[in-house]
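All heavy atoms count here, side chains included; hydrogens, waters and symmetry mates do not. Letters A, B, ... are given to chains in the order of the sequence lines, protein chains preceding strands, and every chain is numbered from 1.
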2 protein chains.
Amino acid sequence: MDGAELDAFAALLRKLNRVCALSEADEATIRGLPWSIESKVARSILIREGEHAALCSVLLDGYVAKGKTALNGSRQIVSFHMPGDLLDIEHVFFRPSDHNLHTVTNVVVARVAREDLRSVTLSRPGLAEAFWCSSLLDAAIYRQWLLNVARRNAKSRVAHMLCEFTVRASMAGLGSPAAFEFPMTQVEIAHATGLTPVHLNRIIGDLAEQGLIVRRKGRLSIGDWIAIQRTAGFKPAYLETNARVLLV
Amino acid sequence: MDGAELDAFAALLRKLNRVCALSEADEATIRGLPWSIESKVARSILIREGEHAALCSVLLDGYVAKGKTALNGSRQIVSFHMPGDLLDIEHVFFRPSDHNLHTVTNVVVARVAREDLRSVTLSRPGLAEAFWCSSLLDAAIYRQWLLNVARRNAKSRVAHMLCEFTVRASMAGLGSPAAFEFPMTQVEIAHATGLTPVHLNRIIGDLAEQGLIVRRKGRLSIGDWIAIQRTAGFKPAYLETNARVLLV
DNA sequence: CGAATGGTTGATCAGAGTCAAAATTTGTGG
DNA sequence: CCACAAATTTTGACTCTGATCAACCATTCG
């Protein structure tokens, strides 16, 4: 990860610039943030629910899932994250984490102290705005997932999750729908869609049979990008796909 | 609403101060924002999905629900709002609304132009921080709802929603658990919990039979505050009940 | 090569949805 | 204040999606 060390925050800047253009000075401030790089193997824990966090993480490489656990023990993934995402920016304000973070693949994160992020935020309004804007986009995604889990049947629910992941991945520069391979296991997709792994497996089977997705050695990819969006009822507007709002 | 006209933003200031203490100057800036008061009767629309919004709303009195519609027509309420809440602050950045807002009761809102909110935000870092922090709290609630809808059974799901509403209402100064009456219809509770109205009605019956809630002429209230939290598996930490973070 | 993890299949079951109708409550106008 | 209409709540009968339980296969990786 020498490249990352040279310009650790390139992906973050790319993401922030997409929603909310930054000034040169703002970019320089981000680049100047004190960070430390951490690598984690797949399926390891970054933060546990209830843990007090003094650091926030920026995802540089790999995929991460954010989850919550109910008192009865069942687990739900509430979001997936890709390079450039701020994983737990709420720790700038809130101490004990309301969620856990686990790595889906091998991962590289940059850790930044909450105080550093906060002071940067207070001194540079443009950065405060960009962080805020990015948090609002996260919230829009949560709303969509809520609709997804609450009101779509298993098949379109899974299709919708795959569509969203695909669009976000391609916005993050990770590949086009046709080429892209999903990094998560079926168990993780089940946890993210509110289904059981067994039922999810059957749904995956259906989707593959219709040619909407393709299974190759346990890896999933999109088979028919138009058709899967149709069965998902997927409209990407909520992702602010053509954002860079407020260029005013 | 003459009281409101005199100090329209008292509830908003109360809420922002709870999570993130404001300076005198910040408070004064908020009070100085140009606003216009609007009253709406119960069950009317404030904003429709897809609509371009030039104004943001602060809820001064009454209750509002935020909803989304799937392409198949089914509707989901993704959050409830109470006095002091910023109803659609995302319109500072994003144009077409990804959700609709409808009034649950008669309602008074203050409308503020997005440009005014934005410029206030750029000139006063303390306010940017407070708005951002409040958005992060909203996101924590979305995560909890996601867990709720995806992983709890109907009974504890409904109980959880009622617990959260109760705590938020009491934080907003609207009454204690014992005294508080829920303002929404069963159909609305069903829409918020991802259930059908028919099934919800049966769950309400169960909860009432166990004495957890009380039905009086179609109005619901809490019957046993300890017991309902237990069946909900409700832990209010995610609401930052004792917030006012970062007093540093 | 063998253990572990992840994926697949089958049989059965239950929680919540659907459809349909009746009973209550609420709101409105006379 | 009453009567009627509209909205909301309640009940019953039946169905179906997705959960559960229990094996068994396939890959990957040490």
Side-chain angles (χ1 to χ4, degrees), chain A residues 41-44 65 70 72-77 102-106 148-161 181-209 213-221 231, chain B residues 41-44 65 70 72-77 102-106 148-161 181-209 213-221 231:
Chain A
V41 298
R43 273 84 208 187
S44 55
N72 65 32
S74 56
R75 318 182 93 253
Q76 174 67 16
I77 288 175
H102 79 263
T103 62
V104 171
T105 59
N106 292 344
N148 207 25
V149 169
R151 298 292 169 191
R152 277 188 251 258
N153 64 23
K155 193 191 249 178
S156 55
R157 200 189 297 183
V158 172
H160 196 283
M161 198 238 91
E181 285 207 333
F182 293 99
M184 56 285 207
T185 64
Q186 289 189 12
V187 173
E188 284 163 331
I189 301 178
H191 279 163
T193 47
L195 299 169
T196 55
V198 171
H199 193 60
L200 179 95
N201 179 264
R202 297 187 167 117
I203 298 296
I204 291 286
D206 290 357
L207 291 172
E209 205 173 331
I213 60 176
V214 177
R215 276 183 289 199
R216 210 171 37 253
K217 300 214 266 178
R219 300 262 145 235
L220 294 183
S221 57
T231 79
Chain B
V41 297
R43 272 86 209 185
S44 55
N72 65 30
S74 56
R75 318 182 93 253
Q76 174 68 16
I77 288 176
H102 80 262
T103 62
V104 171
T105 58
N106 291 343
N148 208 24
V149 168
R151 297 294 168 188
R152 277 188 250 258
N153 63 23
K155 192 192 248 178
S156 56
R157 198 190 297 182
V158 172
H160 196 284
M161 198 239 91
E181 285 208 331
F182 293 99
M184 57 284 208
T185 65
Q186 290 189 12
V187 174
E188 283 164 331
I189 300 177
H191 279 163
T193 47
L195 299 169
T196 54
V198 171
H199 192 59
L200 179 94
N201 179 263
R202 296 187 167 117
I203 298 296
I204 292 286
D206 291 356
L207 292 172
E209 206 173 331
I213 60 175
V214 177
R215 276 184 288 201
R216 210 170 36 253
K217 300 213 266 178
R219 299 262 146 235
L220 294 182
S221 56
T231 78

Under 3.5 Å donor-acceptor pairs involving side-chain atoms of residues 187-198 of chain A, not counting sequence neighbours:
from: A:Glu188; atom 1: OE1; to: A:Arg43; atom 2: NH2; distance (Å): 2.5
from: A:Glu188; atom 1: OE1; to: A:Thr185; atom 2: N; distance (Å): 3.0
from: A:Glu188; atom 1: OE1; to: A:Thr185; atom 2: OG1; distance (Å): 3.4
from: A:Glu188; atom 1: OE2; to: A:Arg43; atom 2: NE; distance (Å): 3.4
from: A:Glu188; atom 1: OE2; to: A:Arg43; atom 2: NH2; distance (Å): 3.3
from: A:Glu188; atom 1: OE2; to: A:His102; atom 2: NE2; distance (Å): 3.2
from: A:Thr193; atom 1: OG1; to: A:Ile189; atom 2: O; distance (Å): 2.7
from: A:Thr193; atom 1: OG1; to: A:Ala190; atom 2: O; distance (Å): 3.3
from: A:Thr196; atom 1: OG1; to: A:His199; atom 2: N; distance (Å): 3.4

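Note that the first and last nucleotides of DNA chain C, 5' to 3', having any atom under 4.0 angstrom from a heavy atom of chain A are C:dG7 to C:dA11.
Under the salt bridge (charged side-chain N to carboxylate O under 4.0 Å, His left out) criterion, A:Arg219 pairs with no residue at all, not counting sequence neighbours. With sequence neighbours excluded, no residue satisfies side chain to side chain donor-acceptor pair (under 3.5 Å) with B:Asp206. Qualifying side chain to side chain donor-acceptor pair (under 3.5 Å) partners for A:Ser44, counting only residues two or more places apart in sequence or in other chains: A:Thr103. Not a single side chain to side chain donor-acceptor pair (under 3.5 Å) links A:Arg157 to another residue, sequence neighbours left out. In this structure B:Arg152 satisfies the side chain to side chain donor-acceptor pair (under 3.5 Å) test together with B:Asn148, B:His160, sequence neighbours excluded.
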Expected rows: protein N/O vs nucleotides 17-21 of chain D N/O, under 3.5 Å:
from: D:dG18; atom 1: OP1; to: A:Ala154; atom 2: N; distance (Å): 2.8
from: D:dA19; atom 1: OP2; to: A:Thr196; atom 2: N; distance (Å): 3.3
from: D:dA19; atom 1: OP2; to: A:Thr196; atom 2: OG1; distance (Å): 3.0

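For the helix from C:dT8-D:dA23 to C:dG30-D:dC1, the terminal axes (five pairs an end, C1' atoms, rotation from four pairs onto the next four) enclose an angle of 60°, given to 10 degrees.
Of the inter-residue distances, the one linking A:Gln186 atom CD with A:Leu200 atom CG reads 5.5 Å to the nearest 0.5 angstrom. Taking CG of B:Asn153 as the start and CG of A:Asn72 as the end, the distance is 8.0 Å to the nearest 0.5 Å.
When all heavy atoms are compared, the tightest approach of A:Thr105 to A:Pro183 is CG2-CB, 3.7 Å.
The side-chain heavy atoms of B:Leu220 and B:Arg215, taken from C-beta on, include a pair separated by under 4.5 Å.
Between D:dA7 and B:Gln186, no contact under 4.0 Å exists linking OP1 or OP2 to a side-chain N or O.
Between the CZ atom of B:Arg219 and the C1' atom of D:dT8 there is a distance of 11 Å, given to the nearest Å. In this structure, B:His191 places its NE2 atom 11 Å from P of D:dT8, rounding to the nearest Å.
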